[in-house]
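Notes to accompany the following structure.
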Amino acid sequence: MSLEKVSANKAFDGQLVKYKFKSAALGGLDANFNLFLPGNAAEGNKVPLLTYLAGLTCTEDNGAQKGHFLGPASKEGIAILFPDTSPRGAGVEGEAESWDFGVGAGFYLNATHPKWSKHYNMLTHVTLELPQVLEAAGLPIDFKRQSIFGHSMGGHGALTLYLSSVLGGTKQYRSVSAFAPISNPVNAPWGQKAFSGYLQGGVDEAKERYDATELVKKLGKEPVHILVDYGTADNFYKNGQLLPENFLKAARDTGYDEVQVRVRAQEGYDHSYYFISTFGEDHVHFHANFLKA
């Protein structure tokens with residue numbers, strides 16, 4: 001799993017580097033990711049890691065180029081990891097036929113349907129494989145201090161990976177935030193399509209593991225640090241793909257207040273990176289509160 005450096009760019013006194021490696025989690029395929037290391041990162045000063053999960057049709061580049069995360073992360077002394085959104089080049093029949101399933105749409109789960117299970121294991125890729133690869137490469141990152149955030153499908157991924165880590169007792173991530181996440185995917189067309197394809201047990205299987213609204217109901221009194229923003233002019237919100245109110249109601253019914261679970265409706269914003277970049281700095285600062293504590 002040795003890393004190959006594809007490109008490097010100086011940004012905000014740090015370095016944004018694109019790497020490539022052969023991913024065991026993704027069935028031996030080449031996987032790309034971007035890593036931003038702030039200027040203060042060094043062997044004697046390991047920095048915390050914030051992982052950004054992008055949305056449908058995106059790659060490891062969208063968040064790095066358009067999210068407005070690098071400047072704030074540099075000031076806070078935080079590294080940001082930008083994984084891809086799916087395996088590439090698996091050659092599974094039908095994987096490139098639609099924009100919301102297959103290539104560019106891995107949904108941050110481990111597939112259990114035999115057709116997809118060799119390659120579509122983005123959960124393992126993001127939570128286990130990439131940290132192991134970075135650590136093995138000797139990069140100056142403190143893996144005891146990790147947080148996660150994401151957009152749309154990636155917001156779904158961030159919320160579910162965070163909540164699962166809290167439920168499982170591993171507490172891999174100290175905090176989570178999301179821009180326009182698919183918050184209740186078992187009740188949204190995008191989620192239903194993805195789960196019916198990737199999972200042997202379909203939506204029923206997903207309800208147990210891959211739905212933030214269902215997962216937050218199971219938590220009880222565990223302390224959490226969750227921030228969600230969505231735009232009121234977001235067409236996917238209007239069309240019932242995001243369902244943030246369902247997540248908020250489940251969190252409140254479970255006993256979480258505004259301090260622990262904050263869901264903000266941002267007036268007039270849409271689903272685009274114009275929305276994300278407006279609030280990107282805010283989200284990085286939110287995570288810095290916990291990553292630097």
Return yes if some donor-acceptor pair links the side-chain N/O of Glu205 with the main-chain N/O of Leu199 below 3.5 Å, else return no.
-> no
Go through Arg252 and Val261 one step at a time and tell me if the side chain to side chain contact (heavy atoms under 4.5 Å, CB included) criterion holds.
-> CA-CA 8 Å; Arg252 293 290 179 266; Val261 178; 3.9 Å; yes
Under 4.5 Å between any side-chain heavy atoms of Ser152 and Trp190, yes or no?
-> yes
Given the rule in the salt bridge (charged side-chain N to carboxylate O under 4.0 Å, His left out) test, do Glu95 and Arg88 qualify, once you have shown the distances and angles that lead to the verdict?
-> CA-CA 10 Å; Glu95 71 172 359; Arg88 307 269 168 181; over 6 Å; no
Considering only heavy atoms from C-beta outward, does the side chain of Phe236 approach that of Ile182 to under 4.5 Å?
-> no
Spacing of OG1 belonging to Thr124 relative to OH belonging to Tyr108, to within rounding of 0.5 Å = 14.0 Å
Could you give me the CA-CA distance, side-chain angles and deciding distance for Leu243 and Thr213, then say whether side chain to side chain contact (heavy atoms under 4.5 Å, CB included) is met?
-> CA-CA 9 Å; Leu243 305 172; Thr213 298; over 6 Å; no
Quick one: CG on Leu70 to CD1 on Ile78, what's the gap to the nearest 0.5 Å?
-> 12.0 Å
More than 12 foreign heavy atoms under 6.0 Å from CD of Glu258: is that the case here?
-> yes
Side chain to side chain contact (heavy atoms under 4.5 Å, CB included) assessment of Leu167 paired with Leu219 = CA-CA 6 Å; Leu167 277 165; Leu219 280 180; 3.5 Å; yes
Option passing side chain to side chain contact (heavy atoms under 4.5 Å, CB included) with Pro72 (candidates His287, Glu281, His283) = Glu281
At what distance, to the nearest 0.5 angstrom, does CG of Leu16 lie from CG of Leu35?
-> 8.0 Å
Given side chains that start at C-beta, do those of Thr59 and Asn32 come closer than 4.5 Å, heavy atoms only?
-> no
Establish whether Phe149 and Leu53 are linked, either directly or via other cluster members, by ILVMFWY side-chain heavy-atom contacts under 4.5 Å.
-> no
Spatial distance of atom CG (Leu291) from atom NZ (Lys144) [nearest 0.5 Å] | 14.5 Å
Non-hydrogen atoms of Leu26 and Met122 that approach each other most closely = CD2-SD, 3.9 Å
Could you check if a side-chain atom of Ser183 sits within less than 4.5 angstrom of a side-chain atom of Asn246, using non-hydrogen atoms only?
-> no
For Ser147 and Tyr173, indicate whether the former's side chain and the latter's backbone hold a donor-acceptor pair under 3.5 Å.
-> no
Mind checking the CG-CD1 spacing from Leu159 to Ile148? Nearest 0.5 Å is all I need.
-> 9.0 Å
How long is the span from the CD atom in Gln241 to the CE atom in Met153, to the nearest 0.5 Å?
-> 13.0 Å
Would you check if Tyr120 and Pro87 make a side-chain contact, meaning some heavy-atom pair closer than 4.5 Å?
-> yes
Ignoring hydrogens and angles, tell me if any N or O in the side chain of Thr254 forms a donor-acceptor pair with the backbone of Tyr256 under 3.5 Å.
-> no
Flag side-chain contact, heavy atom, 4.5 Å: Ser196 against Val203 | yes
Please check if the side chain of Lys292 supplies one atom and the backbone of Glu76 the other of a donor-acceptor pair under 3.5 Å.
-> yes
Do the non-hydrogen side-chain atoms of Trp99 and Leu56 ever get within less than 4.5 Å of each other?
-> yes
Taking all heavy atoms of Tyr237 and all of Thr232, pick out the closest pair and write down the distance.
-> CD2-O, 4.1 Å
Sidechain-backbone polar pair: Ser117 side chain, Thr112 backbone, donor-acceptor under 3.5 Å | no
What closest approach, in Å, do Asn34 and Ala64 show between heavy atoms, and which atom pair accounts for it?
-> ND2-CB, 4.3 Å
Less than 6.0 Å separating the ring centroids of Phe36 and Phe69?
-> no
Taking atom NZ of Lys75 as the centre, report whether more than 12 heavy atoms of other residues, nucleotides or ligands fall under 6.0 Å from it.
-> no
Cut-off 3.5 Å, side chains only: do Asp270 and Asn235 have a donor facing an acceptor?
-> no
Here the pair of heavy atoms bringing His271 nearest to Leu242 is CE1-CD2, 4.1 Å
Check whether any side-chain N or O of Ser175 sits under 3.5 Å from a backbone N or O of Phe290 as a donor-acceptor pair, and report yes or no.
-> no
Could you tell me whether a side-chain N or O of Asp211 sits under 3.5 Å from a main-chain N or O of Val186, the two making a donor and an acceptor?
-> yes
Donor-acceptor pair, side chain of Gln172 and main chain of Thr127, under 3.5 angstrom | yes
How far apart are the closest heavy atoms of Gln146 and Pro131, and which atoms are they?
-> OE1-CG, 4.4 Å
Test item: side-chain donor near acceptor, Ser74 and Asp13, under 3.5 Å = no
Are Phe107 and Tyr210 near enough that their ring centres are under 6.0 Å apart?
-> no
Below 4.0 angstrom, N of the basic side chain to O of the carboxylate: do Lys218 and Glu208 qualify?
-> yes
Hydrophobic cluster membership, Ile276 vs Phe279, 4.5 Å side-chain cutoff | yes
Assess whether atom NZ of Lys193 is packed by more than 12 heavy atoms of other residues, nucleotides or ligands within 6.0 Å.
-> yes
Can you label the angle between the Trp116 ring and the Phe101 ring as parallel, tilted or perpendicular, going by 30° and 60°?
-> perpendicular
Considering only heavy atoms from C-beta outward, does the side chain of Gln260 approach that of Ile226 to under 4.5 Å?
-> no
Under the 3.5 angstrom rule, does the side chain of Tyr162 hit a backbone N or O of Ser177 as a donor-acceptor pair?
-> no
Around atom NZ of Lys207, are there more than 12 heavy atoms of other residues, nucleotides or ligands at under 6.0 Å?
-> no
Report whether Leu161 and Leu50 are members of the same hydrophobic cluster (ILVMFWY, side-chain heavy atoms less than 4.5 Å apart, transitive linking).
-> no
Ser86 and Gly104: which non-hydrogen atoms are nearest, and at how many Å?
-> OG-N, 2.7 Å
Would you check if the side chain of Arg174 reaches a backbone N or O of His225 as a donor-acceptor pair within less than 3.5 Å?
-> no
Residue of the set Leu227, Leu248, Asp229 for which side chain to side chain contact (heavy atoms under 4.5 Å, CB included) holds with Val263 = Leu248
Between Phe82 and Leu139, is there a shared hydrophobic cluster once you connect ILVMFWY residues whose side-chain heavy atoms come closer than 4.5 Å?
-> no
Do Phe33 and Phe143 sit in the same hydrophobic cluster, where Ile, Leu, Val, Met, Phe, Trp and Tyr count as joined when their side-chain heavy atoms come under 4.5 Å apart?
-> yes
I would like to know whether Lys46 and Ile141 meet side chain to side chain contact (heavy atoms under 4.5 Å, CB included); could you show each step before the answer?
-> CA-CA 5 Å; Lys46 293 187 176 183; Ile141 292 168; 5.8 Å; no
Picking from Tyr52, Tyr273, Phe179, what satisfies ring-ring contact (aromatic ring centres under 6.0 Å, His included) with His151?
-> Tyr273
